[in-house]
Trainee: 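Would you mind keeping the following structure in view while I ask a few things?
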Amino acid sequence: ENNIVSGNSLGGVLLQSGPVQAPPRGNRIGVGSTAALPNTGPGLHLLDTADHQIGGPAAADANLIAFNAGPGVLVVGSTPTSSVRNRIQGNLIYSNAAQEIDLGGDGATANDPAPDADAGANGLQNHPTLTFASVGATNISGNFAGAPGSVWLEFFARTPAAGVVYLGGTNLFVPPAGQAAFSFRFATVAPVGSVIRATATTADGTSEFSPAIGLTAGSDSDGDLMPDWWEAGHFLDPAVSNAVGSDADGDGASDLEEWIADTIPTASDSLLRIVAVTNGASRTVLVPSSGLRLYSLESASGPASGIWT
């Protein structure tokens, strides 16, 4: 913790088979106190080892891993299950000679179809696919294919000054079909000209980084009150106005209403609605919701009462 691990003739840090050790956090790997001081191999090498936490949710946990002569983080196992469930989170990884996270030591690993059933280092965890990113706050859209359940997504901006900014992380629920679209907004503003990348972490461990996508200035080119980044992320044309009442998926909610509700305008089963109401000692109302919106729930004694509280 809080070490400078740099200038070594091999890699920076090797974690090999054996008991799980204290998580590496707050270290500078390949970086001296004031400038680059690369290791001649990978910055962090996980070999036949499992269940490590590299970095963490707090800013102080982040490792700075840069300028190394190999991958930033290399995860390799001699069997498909010997180097798994390693969580690589919140770290600033950039400007290494090979890719920033390498699962298997064979370069970029392509995603496989849901439910992501292949095996290997960190389960060869699928990465997110980014489709659009814009500034205002930083708005990012994309999709994820993998096993049903919860996946933790993290987003990073590589800035024009060649550093990395951690934008934030969030949970995404993947339905039984194994496909989930997402649109998230982060308060951290990345400079125009940055590129955005993301990782996914499940019970299998953390993925490689997604391919980068350019960050563009936020705009509404067609003046239909829906931002370009949101329309592009949902396969609508940002250059053609979706007039009032336009309903791409025919679910009865207009495209504009779906933007306001942060539902998916091209999926007929995604719209703001009350799904179920249960009565008992207390009343439960089930409404699909978004973490980017605020909701108000009102009730009345009957359809014709005219009094809603």
Side-chain angles (χ1 to χ4, degrees), residues 111 114 127-145 151 153-160 165 167-175 177-198 200 209-275 287-296:
N111 283 346
H127 58 69
T129 299
L130 305 183
T131 56
F132 199 79
S134 72
V135 297
T138 303
N139 305 290
I140 303 171
S141 296
N143 55 75
F144 177 79
V151 56
L153 304 182
E154 291 192 323
F155 300 88
F156 302 81
R158 177 71 180 272
T159 71
V165 175
L167 299 175
T170 187
N171 279 306
L172 176 71
F173 176 75
V174 181
Q179 298 277 350
F182 58 80
S183 293
F184 297 119
R185 176 178 296 179
F186 297 98
T188 302
V189 178
V192 174
S194 298
V195 295
I196 307 300
R197 300 180 305 169
F209 278 95
S210 69
I213 187 170
L215 183 70
T216 59
S219 60
D220 178 14
S221 300
D222 52 17
D224 60 4
L225 303 181
M226 290 172 280
D228 291 352
W229 66 268
W230 185 83
E231 291 190 88
H234 293 294
F235 310 105
L236 304 177
D237 189 343
V240 177
S241 176
N242 290 38
V244 175
S246 176
D247 182 5
D249 54 13
D251 61 4
S254 71
D255 297 337
L256 179 58
E257 289 171 333
E258 301 232 32
W259 153 245
I260 293 170
D262 196 31
T263 51
I264 302 173
T266 52
S268 60
D269 61 347
S270 175
L271 70 160
L272 182 62
R273 67 198 189 281
I274 294 176
V275 175
V287 179
S289 59
S290 164
L292 302 178
R293 300 294 187 265
L294 297 176
Y295 298 86
S296 176

Trainee: Partners of T159 by side-chain hydrogen bond (donor to acceptor under 3.5 Å, both in side chains), sequence neighbours excluded?
Mentor: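 In terms of side-chain hydrogen bond (donor to acceptor under 3.5 Å, both in side chains), with neighbours along the sequence ignored, T159 is linked to no residue.
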
Trainee: Tell me, please, which residues at least two apart from E154 pass side-chain hydrogen bond (donor to acceptor under 3.5 Å, both in side chains).
Mentor: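 With neighbours one apart ignored, the set is W152, Y166.
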
Trainee: Do the side chain of S268 and the main chain of G250 share a donor and acceptor less than 3.5 angstrom apart?
Mentor: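 No; judged by distance alone, with no hydrogens or angles, the pair does not exist.
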
Trainee: CE/M226 to CD1/I260 distance, rounded to the nearest 0.5 angstrom?
Mentor: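 M226 atom CE to I260 atom CD1 measures 9.0 Å (nearest 0.5 Å).
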
Trainee: Below 4.5 Å, heavy atoms only, C-beta onward: do D237 and E231 meet side chain to side chain?
Mentor: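 Answer no - side chains too far apart.
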
Trainee: In chain order, what residues pass the side chain to side chain contact (heavy atoms under 4.5 Å, CB included) check against P175, with sequence neighbours excluded?
Mentor: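 Per chain and number, P175 pairs via side chain to side chain contact (heavy atoms under 4.5 Å, CB included) with F173, A180.
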
Trainee: So how far is it from D228 CG to L236 CG, rounded to the nearest 0.5 Å?
Mentor: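 Here the rounded value is 11.0 Å.
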
Trainee: Counting N and O atoms only, with roles assigned by atom type, does the side chain of D220 sit under 3.5 Å from a partner on the main chain of L225, one being a donor and the other an acceptor?
Mentor: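 Pair found, side chain donor or acceptor close to backbone of L225.
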
Trainee: Measure across A267 and D251 and return the closest heavy-atom pair with its distance rounded to 0.1 Å.
Mentor: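 Closest approach of A267 to D251, heavy atoms only: O-OD2, 3.7 Å.
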
Trainee: By ring-ring contact (aromatic ring centres under 6.0 Å, His included), which residues pair with H234, not counting sequence neighbours?
Mentor: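 Counting only residues at least two positions away or on another chain, H234 forms a ring-ring contact (aromatic ring centres under 6.0 Å, His included) with W230.
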
Trainee: On the ring face of F156, is R197 found with NZ or CZ under 6.0 Å from the centre and within 45° of the axis?
Mentor: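 No, R197 and F156 do not form such a contact.
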
Trainee: About how many Å separate OG1 of T138 and CZ of F186, when rounded to the nearest 0.5 Å?
Mentor: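 Reported to 0.5 Å precision, the distance equals 8.5 Å.
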
Trainee: Under a 3.5 Å threshold, yes or no: a donor from one side chain and an acceptor from the other, between D247 and S254?
Mentor: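 Their side chains do not contain a donor-acceptor pair, so the 3.5 Å distance test is not met.
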
Trainee: Among residues at least two apart in sequence or on other chains, which ones pass ring-ring contact (aromatic ring centres under 6.0 Å, His included) with F144?
Mentor: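 Once residues adjacent in sequence are excluded, F144 has no partner under the ring-ring contact (aromatic ring centres under 6.0 Å, His included) criterion.
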
Trainee: Could you give the distance from OG (S246) to CD (E257), rounded to the nearest 0.5 Å?
Mentor: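 These two atoms lie 11.0 Å from each other.
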
Trainee: Taking only residues two or more places apart in sequence, or in another chain, which ones meet S210 in a side-chain hydrogen bond (donor to acceptor under 3.5 Å, both in side chains)?
Mentor: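 With sequence neighbours excluded, S210 shows a side-chain hydrogen bond (donor to acceptor under 3.5 Å, both in side chains) to no residue whatsoever.
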
Trainee: Report yes if some heavy atom in the side chain of L272 is under 4.5 Å from a heavy atom in the side chain of E258; otherwise report no.
Mentor: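 No - every pair of side-chain heavy atoms lies 4.5 Å or more apart.
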
Trainee: Describe, in one word, how the ring planes of F182 and F184 are oriented to each other, choosing from parallel (under 30°), tilted (30 to 60°) and perpendicular (over 60°).
Mentor: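 The arrangement is parallel - the two ring planes meet at less than 30°.
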
